[in-house]
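Data first, discussion second: the structure below is written as structure tokens.
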Amino acid sequence: MKLLTGLIALSLCAAPPAIAQQAALVGNWTAKWETNGRPYEAKLKLTEQGGTWNSSAKSRRDACVGIEAPVETNYVSDDEITMNLAFSKTLQGCTDVLLRLKKTGDNTLTGARDVGSIKAEIVLTRD
């Protein structure tokens with residue numbers, strides 16, 4: 001019982017810095033990337049509880065393109081964030097997208113957009 005109480009106390013002590021780091025990212029962001037020579041743009045709205053991703057792209061052949069997806073933050077540190085764009089939770093059969101980002105300025109995140117075999121460099125700027 002003492003071990004369990006100690007682990008709970010330790011986890012509570014570790015939580016505030018992560019919350020503060022995520023709070024620093026809260027706001028509206030514009031994401032830009034290029035895939036197969038075509039430029040794309042999306043809006044990311046981050047909250048302390050998660051957020052939403054909405055691309056301006058549309059496709060008649062792919063219902064997953066351009067739908068709003070919930071954002072699940074996986075990891076946050078002072079200069080790095082990893083998040084999952086959970087398209088599969090919006091529409092069955094859609095593929096989730098992993099973003100691995102690093103803080104490169106007060107209002108800029110850069111990194112990689114990973115959709116399995118399709119990877120792209122991505123830049124997010126705070127609106």
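One is the number of the first residue; the rest follow in order along the sequence.
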Worksheet item: Got a sec, which residues hit ring pair (Phe, Tyr, Trp, His ring centres under 6.0 Å) with Trp29, two or more places apart in sequence or on another chain?
Response: none
Item to complete: Identify, with sequence neighbours excluded, every residue that meets ring pair (Phe, Tyr, Trp, His ring centres under 6.0 Å) alongside Tyr75.
Response: none
Practice prompt. Keeping to residues at least two apart or across chains, list the salt bridge (Lys or Arg N to Asp or Glu O under 4.0 Å) pairs with something in residues 25-40.
Written response: Lys32-Glu41
Worksheet item: What residue pairs, at least two apart or across chains, pass salt bridge (Lys or Arg N to Asp or Glu O under 4.0 Å) with a residue in residues 51-60?
Response: none
Non-hydrogen side-chain atoms of [X] and [Y] separated by less than 4.5 Å:
| X | Y | value |
| --- | --- | --- |
| Leu98 | Asn74 | yes |
| Asn107 | Thr125 | no |
| Leu99 | Leu109 | no |
| Arg126 | Asp106 | no |

For [X], side chain to side chain contact (heavy atoms under 4.5 Å, CB included) partners two or more places apart:
| X | value |
| --- | --- |
| Thr104 | Thr108, Thr110 |
| Ser59 | Arg61, Asp62, Val65 |
| Lys119 | Asp114 |
| Asn28 | Lys45, Asp127 |

Shortest non-hydrogen contact from [X] toward [Y]:
| X | Y | result |
| --- | --- | --- |
| Trp33 | Glu121 | CB-O, 3.2 Å |
| Ser55 | Ala42 | CA-CB, 3.6 Å |
| Ala69 | Thr90 | CA-OG1, 3.6 Å |
| Ser88 | Cys94 | CB-O, 3.4 Å |

Worksheet entry | Name of the residue among Val115, Thr52, Val97 meeting side-chain contact (heavy atoms from CB on, under 4.5 Å) with Leu85 | Val97
Worksheet item: Of all residues at least two apart in sequence or in a different chain, which pass the side-chain hydrogen bond (donor to acceptor under 3.5 Å, both in side chains) check with Asn54?
Response: none
Worksheet entry | For Asp79, side-chain hydrogen bond (donor to acceptor under 3.5 Å, both in side chains) partners two or more places apart | Ser77
Please report the interatomic distance [atom1]([X]) to [atom2]([Y]), rounded to the nearest 0.5 Å.
| X | Y | atom1 | atom2 | answer |
| --- | --- | --- | --- | --- |
| Gln49 | Thr73 | CD | OG1 | 10.5 Å |
| Leu91 | Ile67 | CG | CD1 | 5.0 Å |
| Leu44 | Ile122 | CG | CD1 | 8.5 Å |
| Lys43 | Leu124 | NZ | CG | 10.5 Å |

Worksheet item: Are Trp53 and Val123 in one and the same hydrophobic cluster, where Ile, Leu, Val, Met, Phe, Trp and Tyr link if side-chain heavy atoms are under 4.5 Å apart?
Response: no
Worksheet item: Residues two or more places apart in sequence or in another chain: which of them pass salt bridge (Lys or Arg N to Asp or Glu O under 4.0 Å) with Glu68?
Response: none
Discussion item. For Glu80, give me all partners under salt bridge (Lys or Arg N to Asp or Glu O under 4.0 Å), at least two apart in sequence or on another chain.
Written reply: Lys102
